[in-house]
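The first residue in the sequence is number 1, and the count goes up from there. In listed order, ligands and their atoms are each counted from 1. Since the structure is predicted, the reported quantities are computational estimates derived from the model, not experimental observations.
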Amino acid sequence: MSTTAFESRLVSGEVRNVIVVLGDQLNRTSAAFDGFDPHRDVVWMAEVAEESTKVWVSKPRITVFLSAMRHFASELRADGLTVDYRLMGDTQNTGALGTELISAIQRHSPDGVVLVEPGEWQVRATLRAAVESTGSTLDERVDRHFLCSTDEFASHAEGRRSLLMESFYRAQRRKHNILMDGDAPAGGAWNFDSENRGAFPAAGPGLVPEPAQFVPDDITREVIGLVEGRFGGHPGSLEHFAWPVSRTDALTALHNFVAERLAEFGRWQDAMWTHEPWLYHSLVSSALNLKLLDPREVVAAVEAAWRAGLVPIEAAEGYIRQVIGWREYVRGIYWMKMPDYGDGNALDATEPLPDWYWTGETDLACLRDAIGQTLEHGYAHHIQRLMVTGLYAQLLGVNPRQVHEWYLAVYVDAVEWVELPNVLGMSQYADGGFMASKPYVATGKYIDRMSNHCGSCRFRPDRRVGEDACPFTTLYWDFLSRHEERFARHPRMALQVKNLGRISESDRVEIAERAAAIRRGEVGPIVGWAPSELRLEN
Ligand code: FAD
């Protein structure tokens with residue numbers, strides 16, 4: 001891409017609008033382009049180092065963002081738009097979004113700046129302040145990518161005693177006529193959740209169709225070189241980089257999923273299997289979050305497959321619930337609760353995140369597998385995030401901010417509006433139950449039921465004390481002990497807490513001692529085990 005210099009055809013002083021396009025706003029249907037005049041408007045995009053360093057962002061995530069931005073800029077230019085694109089390597093690049101925007105405004109002296117709602121509270125604050133400091137005017141537009149605007153979500157929330165995802169989801173289906181037969185839910189029920197919890201038989205998942213893989217093109221290869229050179233010490237590997245980074249790739253990924261794997265998605269949504277990173281998941285979250293895909297086209301493709309009889313209802317409904325339900329719901333919560341949401345720590349968790357979250361060097365087989373694929377691909381599916389890495393951090397009592405920073409860093413689909421509520425609210429219960437009605441806590445037996453990890457693990461999920469006790473199981477009982485008072489009368493936790501009563505006093509002491517040893521790092525990390533692709537360089 002010829003982005004080495006800004007080749008404006010516009011003479012300074014004649015620019016009407018500077019149109020800001022952020023790294024996760026790569027859609028031509030964006031409101032940013034409403035009324036765009038190629039003779040008077042200029043698109044502004046910037047690669048800034050702070051986006052890769054404010055948390056320790058993994059190499060796959062940096063590459064996805066930069067490559068997708070460069071592809072998008074190059075498509076805009078091919079369509080005749082003028083793009084002022086600040087490359088990371090430009091000598092004058094200050095590395096910060098705010099100062100870069102100020103310098104672009106000074107360069108172009110526009111009448112105004114157009115910005116679509118950013119996906120991160122702090123980015124929005126920074127950009128608003130940058131525009132204000134120049135005396136220019138800001139035209140901030142609604143992000144039409146989402147089916148539910150932040151205002152609409154706020155009205156939905158108003159006056160409700162509890163904000164359940166399910167009622168939001170049903171309202172969305174009705175309003176947008178998705179998977180509906182008249183006034184009734186198609187397929188005879190709103191929710192087929194109970195059919196979405198299958199575990200594979202002992203023989204495993206069998207042959208799972210391979211997802212679409214995207215061989216890096218020239219643009220991506222150039223970005224990979226840049227990332228290795230500049231962020232070589234960051235976590236993760238680029239050896240197998242194959243993510244969609246353009247709209248064409250993203251559509252291929254979507255259609256491949258619908259044709260090859262959607263039919264089995266519903267049944268195996270929660271299942272895990274060693275060395276099977278993808279299973280029947282769609283792998284389109286990064287494409288959706290970059291806005292290379294529109295959620296409407298995603299749900300339309302899925303609904304059409306069901307109406308054509310190609311996939312069962314539990315697959316189509318289960319999938320659509322994630323996209324128009326959970327995805328929109330967490331965004332609504334994020335904007336309702338920011339900027340304080342990130343400070344939540346309802347369970348007073350203060351432990352540091354174990355170092356091996358950044359390397360995968362642990363002898364817990366499930367965590368080794370989930371973290372290993374996370375570093376190798378920038379991906380883990382929902383149950384791995386919630387019930388393996390997230391659960392362990394919660395049981396250990398890790399400070400939620402550190403957990404949040406890890407999730408924001410390592411996944412290719414991580415953008416704060418979706419990451420933060422999932423981590424703080426759903427996985428760590430740090431918002432005190434605003435989002436999840438109870439903490440998602442379980443012993444190692446849950447992981448044993450849903451995967452084959454425990455078969456090859458040195459720990460036993462059914463043991464809570466002793467040398468071979470599964471740390472998840474020990475920490476689960478320790479969690480209930482530590483929070484006994486808090487949850488003893490909680491309507492959805494009381495039963496779990498009551499079970500503590502069946503444990504002898506001596507076992508409770510042993511549980512507390514072993515939990516303390518786990519926190520001291522005496523159980524968990526592997527000494528001397530480090531496959532090369534997981535070894536960090538610094
Ligand atoms: P599939 O399993 O195929 O699901 C389909 C789509 O549904 C996803 O692409 C996604 O867009 C949407 N979706 C599913 N679950 C959720 C959810 N809980 N919240 C929002 N959207 C959902 N998702 C992100 O996009 N970015 C994140 O940073 C992120 N962080 C998470 C952190 C934790 C602790 C947890 C528990 C979940 C997180 N999720 C996040 C949600 C979910 O895990 C991912 O969207 C999903 O694993 C992406 O893989 P996929 O595209 O193969 O999804």
Side-chain angles (χ1 to χ4, degrees), residues 24 55 57-58 61 64-65 119-120 145-148 165 168-169 193 196 211-212 243-244 250 253-254 256-258 260-262 264-272 276-295 298-299 301-302 315-334 357 370 373-374 377-394 398 400 403-430 435-436 439-440:
D24 62 343
V55 294
V57 181
S58 73
R61 180 174 181 268
V64 162
F65 273 78
E120 188 178 323
H145 167 88
F146 296 98
L147 282 81
C148 181
M165 199 296 284
F168 170 73
Y169 164 59
D193 209 14
N196 293 157
W243 289 104
L254 170 63
N256 168 281
F257 165 68
V258 172
E260 305 275 336
R261 299 193 314 288
L262 171 61
E264 297 291 315
F265 170 86
R267 202 166 156 207
W268 309 122
Q269 204 175 324
D270 288 1
M272 298 176 277
E276 290 283 354
W278 322 122
L279 293 167
Y280 292 97
H281 293 273
S282 64
L283 318 180
V284 298
S285 49
S286 57
L288 270 167
N289 297 348
L290 297 174
K291 322 275 162 68
L292 297 174
L293 287 176
D294 189 301
V298 172
V299 298
V302 169
E317 188 282 319
Y319 192 85
I320 286 171
R321 185 172 357 121
Q322 310 307 316
V323 177
I324 65 161
W326 281 110
R327 186 168 182 268
E328 302 269 341
Y329 170 79
V330 299
R331 177 175 182 257
I333 288 190
Y334 177 82
Y357 262 66
Q373 72 171 71
T374 295
H377 301 293
Y379 179 83
H381 70 68
H382 188 71
I383 288 300
Q384 293 176 298
R385 297 187 205 199
L386 183 66
M387 298 307 285
V388 181
T389 43
L391 173 61
Y392 198 74
Q394 178 173 212
V398 177
V403 185
H404 149 60
E405 289 179 355
W406 184 79
Y407 277 96
L408 190 60
V410 297
Y411 290 108
V412 290
D413 54 32
V415 185
E416 199 177 83
W417 63 263
V418 52
E419 176 273 334
L420 193 63
N422 269 301
V423 173
L424 251 86
M426 191 188 296
S427 131
Q428 302 299 300
Y429 198 75
M435 195 174 144
Y440 280 91

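- Heavy atoms of Y329 come nearer than 4.0 angstrom to ligand 1 in no pair at all.
- Atom 16 (C) of ligand 1 has W326 CB, 4.0 Å as its closest protein atom, hydrogens excluded (heavy atom only).
- Listed by number with element, the atoms of ligand 1 under 4.0 Å from a non-hydrogen atom of V423 are 32 (C), 34 (C).
- Remark: ligand 1 atoms within the under-4.0 Å shell around heavy atoms of S282 are 1 (P), 3 (O), 5 (C), 50 (P), 51 (O), 52 (O), 53 (O).
- Atoms of ligand 1 lying under 4.0 Å from any heavy atom of F265, numbered from 1 in the order shown and given with element: 1 (P), 2 (O), 3 (O).
- Side-chain N or O atoms of E276 include none that pairs as donor or acceptor with a backbone N or O of M272 at under 3.5 Å.
- Remark: ligand 1 atoms within the under-4.0 Å shell around heavy atoms of L288 are 11 (O).
- Taking all heavy atoms of Q394, Q322, H382, Q428 into account, the minimum distance to atom 47 (O) of ligand 1 is reached by H382.
- Closest approach of W268 to H281, counting heavy atoms only: O-NE2, 4.4 Å.
- Nearest protein neighbour of atom 27 (C) of ligand 1, counting heavy atoms only, is D413 OD1, 3.2 Å.
- The protein atom (non-hydrogen) at minimum distance from atom 45 (O) of ligand 1 is S285 CB, 4.0 Å.
- When each of Y411, Y407, Y334 is paired with E419, the side-chain contact (heavy atoms from CB on, under 4.5 Å) condition holds for Y407 and for no other.
- Ligand-side atoms of ligand 1 in range of A414: 28 (O), range being under 4.0 angstrom from any heavy atom.
- Which of H281, H381, R327, M387 comes nearest to atom 11 (O) of ligand 1 through a heavy atom is settled by distance: it is R327.
- Compare Y407, Y319, Y379 by their heavy atoms: the one nearest to atom 49 (O) of ligand 1 is in Y379.
- The cationic atom of R261 (NZ for Lys, CZ for Arg) does not lie both less than 6.0 Å from the six-membered ring centre of F265 and within 45° of the ring axis.
- Within the 4.5 Å cutoff, the side chain of H382 has heavy atoms near those of the M426 side chain.
- A donor-acceptor pair under 3.5 Å is absent between the side-chain atoms of W278 and the main chain of P211, judged by distance alone.
- The salt bridge (charged side-chain N to carboxylate O under 4.0 Å, His left out) analysis of residues 378-389, with sequence neighbours excluded, yields the pairs R385-D413.
- Using a distance-only test at 3.5 Å, with no hydrogens or angles considered, a donor-acceptor pair links the side chain of T389 to the main chain of Q384.
- Here the protein heavy atom with the shortest distance to atom 33 (C) of ligand 1 is N422 CB, 3.7 Å.
- Ligand-side atoms of ligand 1 in range of N289: 24 (C), 25 (O), 26 (N), range being under 4.0 angstrom from any heavy atom.
- For L283, a nitrogen or oxygen atom sits less than 3.5 Å from a nitrogen or oxygen atom of ligand 1, counting backbone and side chain alike.
- Checked against salt bridge (Lys or Arg N to Asp or Glu O under 4.0 Å), E328 has no partners two or more places apart in sequence or in another chain.
- Every atom of ligand 1 is numbered from 1 in the order shown, and the set under 4.0 Å from a heavy atom of L386 is 36 (C).
- Scanning I324, V323, V418, T389 for the heavy atom closest to atom 23 (N) of ligand 1 points to V418.
- Proximity of a side-chain donor or acceptor of W243 to a complementary backbone N or O of H377 within less than 3.5 Å is detected.
- Taking a cut-off of under 4.0 Å to the non-hydrogen atoms of A380, the atoms of ligand 1 that pass are 47 (O).
- Side chain of S427 to backbone of L386: no donor-acceptor contact under 3.5 angstrom is found.
- Of the heavy atoms in Y411, none comes closer than 4.0 Å to ligand 1.
- No side-chain donor from either of Y429 and Q394 sits under 3.5 Å from a side-chain acceptor of the other.
- The heavy atom nearest to atom 40 (C) of ligand 1, out of those in H404, R385, E419, is found in R385.
- In terms of polar-atom proximity, defined here as any N/O pair under 3.5 Å, V284 does make such a contact with ligand 1.
- No donor-acceptor distance shorter than 3.5 angstrom exists from the side chain of Q322 to the backbone of R327, with no hydrogens or angles considered.
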